[in-house]
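Everything on this sheet refers to the single structure shown next.
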Amino acid sequence: MEQPDSPIHRYHDGTKHHFNRFARSLGYLDWATQPNPFRSFAGSPSYQLYPAPGAHVDGYTPVAVGYHQLFEPAAVVTPLSAAAVGDLFRHSLGLSAWKVFGASRWSLRANPSSGNLHPTEAYLISGPLPGLAGDAAVYHYAPDRHVLEERCTFDRRHWAAASEGESVVLVALTSIHWREAWKYGERAFRYCQHDLGHAVAAIELAAKMLGWRTDLVPTWSHHAIAALIGVNRDEDFVEAEREEPGCLLVISTGLVPAGLSEGPDRLLHAIRGGRWSGRASQLSEDHIQWTFIDDVASATEDPGRTRPNESASQIEPTPHVF
């Protein structure tokens, strides 16, 4: 339980709405600094995802799953492929519609978001898959184009050792606090965490449609997640808004490799020797600095937690309850 003088308690108490006033914010919408809802990495190779016409399909056929089947053990497990990964992102974090009113045009997505601001960014870490990079790689998912942007490639042997031969990918989620702070001021950290939970649930549901299981990886610290996906690389975020690590998910077609869930050392060693590309886009030319958000983000940084040792053979797929 947090003490009354802790940074987390101070933030929670200090960002409450009151009967006679709202929590601190700019008080109006500065349309000149409205953040771009889509991040991109200039200079990164990109790969079209299914169902785009140019995507690598290789005979992929999506499996129809009824709603009730999402809460039962998978009857059909879709093999891991680039096309299936495209289906995963399309139905969890992808665009669902475009709306137009007068001269304004905006998108909607599969995952809910506070104010439709979408502070959550997603990264895929995978071994080589036909239609994607020829080596193991770290990708950024760009929902506006439904593509994976290649951020880093590294030796496939390191991925094979960490994944222990299992069909598995990792998905890391981050938050860009400015996207919410532009509208909500100091309360933005609350909404970023709220949206992070929505994104996790959306990914789990989309994975279940493919017969895959999804597990949070609590052993990875925020610092390790940042190093894994490159959001700690100052040279790639020179003028761009920084991303706060949120969580790491392991998505598997069957067994969960203990090598991926036990700790980050093996993969981070490979990443350090990887080949990085791309620079993050700037979302707004000007910003309001809300130091209260920085304080609570620092106070809630996850150092990683241990859990009982389990081998891949001991971790059997189980139905998840949402």
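Small disclaimer: the values here were computed from a predicted structure and weren't measured. The basis for the numbers below is simple: all heavy atoms, side chains too, and nothing from hydrogens, waters or symmetry mates.
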Donor on one side chain, acceptor on other, Arg187 and Thr15, under 3.5 Å: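 There is no such pair between these side chains.
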Thr174-Glu243 side chain donor-acceptor pair, cut-off 3.5 Å: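 Their side chains do contain a donor-acceptor pair, which is all the 3.5 Å distance test asks for.
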Trp178 vs Thr33, side chain to side chain contact (heavy atoms under 4.5 Å, CB included): CA-CA, chis, key distance, verdict: CA-CA 10 Å; Trp178 168 243; Thr33 61; 4.3 Å; yes
Any Lys/Arg nitrogen of [X] or [Y] sitting under 4.0 Å from an Asp/Glu carboxylate oxygen of the other?
X      : Y      : value
Arg275 : Glu150 : no
Glu241 : Arg39  : yes
Asp236 : Arg151 : yes

Show the nearest heavy-atom pair for residues [X] and [Y], with the distance to one decimal.
X      : Y      : result
Arg24  : Glu186 : NE-OE1, 2.8 Å
Ser44  : Ser277 : OG-O, 3.2 Å
Phe38  : Ser107 : CZ-OG, 3.5 Å
Ser175 : Leu196 : OG-CD1, 4.3 Å
Leu210 : Ala84  : CD1-O, 3.6 Å
His91  : Ala110 : O-CB, 3.7 Å

Close side-chain approach of [X] and [Y], heavy atoms under 4.5 Å:
X      : Y      : answer
Leu170 : Trp159 : yes
Leu268 : Leu228 : yes
Trp212 : Thr214 : no
Glu121 : Arg179 : yes
Tyr123 : Leu248 : no
Arg242 : Asp234 : yes
Pro79  : Ser167 : no
Trp106 : Ser104 : yes

Answer with yes or no whether the hydrophobic clustering places [X] together with [Y]; edges join I, L, V, M, F, W, Y residues whose side-chain heavy atoms lie under 4.5 Å apart.
X      : Y      : answer
Trp276 : Val238 : no
Val57  : Val147 : no
Leu205 : Leu108 : no
Tyr60  : Val169 : yes
Phe101 : Trp98  : no

Quick one: [atom1] on [X] to [atom2] on [Y], what's the gap to the nearest 0.5 Å?
X      : Y      : atom1 : atom2 : value
Ser284 : Trp182 : OG    : CH2   : 8.5 Å
Arg156 : Ser163 : CZ    : OG    : 12.0 Å
Thr78  : Asp87  : OG1   : CG    : 8.0 Å
Glu204 : Lys208 : CD    : NZ    : 8.5 Å
Leu49  : Leu148 : CG    : CG    : 4.0 Å
Leu173 : Asn111 : CG    : CG    : 9.5 Å

Enclosure of His287 NE2 (heavy-atom neighbours >12, cutoff 6.0 Å):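 Counting other residues, nucleotides and ligands, NE2 of His287 exceeds 12 neighbours.
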Glu285 atom CD, neighbour heavy-atom count above 12 within 6.0 Å: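 Incorrect, the count does not exceed 12.
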Residue pair His118, Leu93: steps toward the side chain to side chain contact (heavy atoms under 4.5 Å, CB included) verdict: CA-CA 10 Å; His118 291 283; Leu93 307 178; over 6 Å; no
Intermediate values then yes/no, side chain to side chain contact (heavy atoms under 4.5 Å, CB included), Tyr141 and Leu124: CA-CA 7 Å; Tyr141 176 59; Leu124 176 79; over 6 Å; no
Is it the case that the side chain of [X] and the backbone of [Y] share a donor-acceptor pair, with hydrogens and angles ignored and the cut-off at 3.5 Å?
X      : Y      : answer
Ser281 : Ser40  : yes
His158 : Leu267 : no
His18  : Ala23  : no

Parallel, tilted or perpendicular: rings of Phe41 and His140 (30°, 60°):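 Judged by the thresholds at 30° and 60°, the geometry between His140 and Phe41 is perpendicular.
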Ring geometry between Tyr191 and Tyr184 (parallel below 30°, tilted from 30 to 60°, perpendicular above 60°):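 Geometry flag for Tyr191 against Tyr184: tilted rings.
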Stepwise side chain to side chain contact (heavy atoms under 4.5 Å, CB included) check, Ser252 with Glu166: CA-CA 8 Å; Ser252 59; Glu166 297 295 334; over 6 Å; no
Proximity of His146 and Phe89 rings by center, below 6.0 Å: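 They do not qualify: ring centres at least 6.0 Å apart.
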Ring-ring centroid check Tyr50 His56, cutoff 6.0 Å: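 Here the rings of His56 and Tyr50 have centres that are no less than 6.0 Å from each other.
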